[in-house]
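Okay, so here's the structure we're looking at.
Protein chains get the first letters and strands the later ones, always in sequence-line order, with residue 1 at the start of each.
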Number of protein chains: 2
Amino acid sequence: MTSTQTQLARFRALLSKEGLKLTSQRKVIADVFFTGAKHQSLLELLEQAKVKQKSIGYATVYRTMRLLTEGGLAVEHKFGENQARYEPVHDGEHHDHLICLDCGAIVEFEDPMIEQRQDRMAADRGFEVVSHRHEVYVRCLPGQCRRDAAAS
Amino acid sequence: MTSTQTQLARFRALLSKEGLKLTSQRKVIADVFFTGAKHQSLLELLEQAKVKQKSIGYATVYRTMRLLTEGGLAVEHKFGENQARYEPVHDGEHHDHLICLDCGAIVEFEDPMIEQRQDRMAADRGFEVVSHRHEVYVRCLPGQCRRDAAAS
DNA sequence: ATCTCTGCAAACCGTTTGCAATTAT
DNA sequence: ATAATTGCAAACGGTTTGCAGAGAT
């Protein structure tokens, strides 16, 4: 909750810095986004937003998520689908994902060693890293399925 | 050329195994795909195929690339675009990519250490790795741009 | 002869945008 | 008051498919 309040405050700051307005729709969408499940699609976010304010339209969710993404409060993923999913960002924090093809679980991971080797790889070839995308598609090991635990 | 002939032969085998036919269009498309630049889009492949046989349609390229992909002779990538790009596969060989945001170069890399850490990461969490996607977006270091070297 | 393949044009699906009415500042 | 915002519906862009005629075996 506290973290969510911080995110809300950041959104507010972002908006006023750009001369934009904090509408009831944006409040609802941000709330749904920051307090709800991670990695939701626009349609899922819309559905939940509509529970709180049923007049909200898809385009508003779309535009609000774009604001959040451009403002660095959300990241957009496309996990092998043709559909975007959004995840709250805390600081400049970055992590990658294991995506289970059996149960749909999405588990975060971070490995400094991997990032370090990436940097080296790039430098050796005359590049510097701007960003990366690392998705590992997995299957549950026998007897270890965490079905229904799609939370990160 | 030799490698290309091998690929052609594999395609042939793939087709006859499924009771499918080797048409002139499929021959042209496979040729363009295996001998041309890597990481081409359907439109680019179509354009080149049309040079050799101008009646070829987009849908045929699309369907042929699907055959090749499903048969394991091609892999499909989406490097941050909304458009698929295709790359010839040699054996079960796998590699990942550095994509330059400045000059468009796509450079392959492979790092057993990274793969190993991925496997460990997954195993520790009760999963086994099925596949992965690792794309590193980079920028040319000052004075080291290989513009026009988008190969490989 | 039979069953696959092709090219066209239309359907699809998620995303993106133009616009007239509405709302926050 | 004024400029931003909303919801709708239509446009987009790449992908996917139905179908009648052409082609490979």
Side-chain angles (χ1 to χ4, degrees), chain A residues 8 11-33 39-71 74-86, chain B residues 8 11-33 39-71 74-86:
Chain A
L8 231 295
F11 187 30
R12 220 181 273 272
L14 176 67
L15 290 173
S16 67
K17 190 182 58 173
E18 308 276 347
L20 305 180
K21 295 169 180 173
L22 181 57
T23 61
S24 66
Q25 291 89 330
R26 287 180 178 164
K27 241 178 287 184
V28 166
I29 294 164
D31 181 47
V32 161
F33 173 59
H39 310 118
Q40 300 204 77
S41 67
L42 289 176
L43 246 36
E44 290 166 350
L45 291 165
L46 173 62
E47 194 179 347
Q48 295 183 45
K50 279 190 160 175
V51 172
K52 303 199 172 193
Q53 187 177 324
K54 64 170 167 300
S55 67
I56 291 182
Y58 182 92
T60 302
V61 177
Y62 166 74
R63 288 187 276 231
T64 300
M65 292 316 297
R66 174 147 72 169
L67 275 178
L68 289 167
T69 302
E70 289 174 350
V75 264
E76 192 182 288
H77 294 292
K78 287 194 176 174
F79 295 126
E81 304 166 308
N82 42 342
Q83 185 186 200
R85 294 187 170 276
Y86 297 85
Chain B
L8 232 293
F11 187 30
R12 220 180 272 273
L14 176 67
L15 291 172
S16 69
K17 190 182 60 176
E18 306 277 347
L20 305 180
K21 294 170 181 172
L22 181 57
T23 61
S24 66
Q25 290 91 332
R26 286 181 179 163
K27 242 177 287 183
V28 167
I29 295 164
D31 181 47
V32 160
F33 173 59
H39 310 118
Q40 301 203 77
S41 66
L42 289 176
L43 247 36
E44 290 166 350
L45 292 166
L46 172 61
E47 193 178 349
Q48 295 183 43
K50 279 188 161 174
V51 172
K52 304 199 174 196
Q53 188 177 327
K54 61 171 170 298
S55 67
I56 291 183
Y58 181 94
T60 302
V61 177
Y62 165 74
R63 288 186 276 230
T64 301
M65 293 315 299
R66 174 147 71 170
L67 275 178
L68 289 167
T69 302
E70 289 174 349
V75 263
E76 192 182 288
H77 294 292
K78 287 195 179 174
F79 296 127
E81 305 165 307
N82 42 343
Q83 185 185 202
R85 293 187 172 275
Y86 297 84

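Residue A/T23 has its side chain nearest to D/dT5 when only D/dT5, C/dC5, D/dG14 are considered. Among the nucleotides D/dG14, C/dT17, C/dT4, the one closest to any side-chain atom of B/N82 is D/dG14. Of the candidates D/dT15, D/dA4, C/dT16, the closest approach to any side-chain atom of A/L20 belongs to D/dA4. Looking at the side chain of A/A59, the nearest of the listed nucleotides D/dT15, C/dT16, C/dT17 is C/dT17. Considering only side-chain atoms of A/L22, the nucleotide from D/dG7, C/dG14, C/dT25 that sits closest is C/dT25. Set against C/dT17, C/dC5, D/dT5, the side chain of A/Y62 has C/dT17 as its closest nucleotide. The side chain of A/R63 has C/dT17 as its nearest neighbour among C/dT6, D/dT15, C/dT17. The side chain of A/K21 lies closest to C/dA24 when the candidates are C/dT15, C/dG14, C/dA24.
Remark: A/T60 is not in phosphate contact with D/dT5, judged by side-chain N or O atoms under 4.0 Å from OP1 or OP2. Between A/Q25 and C/dT23 there is no side-chain N or O to OP1 or OP2 distance below 4.0 Å.
When each of B/L42 and B/S24 is assigned the nucleotide of DNA chain D with its nearest heavy atom, B/L42 is the one assigned upstream, toward the 5' end.
With rounding to the nearest 0.5 angstrom, the CG atom of A/L22 is 5.0 Å from the CZ atom of A/R12.
Contacts of A/L43 with the nucleic acid, taken as non-hydrogen atoms under 4.0 Å apart, are absent.
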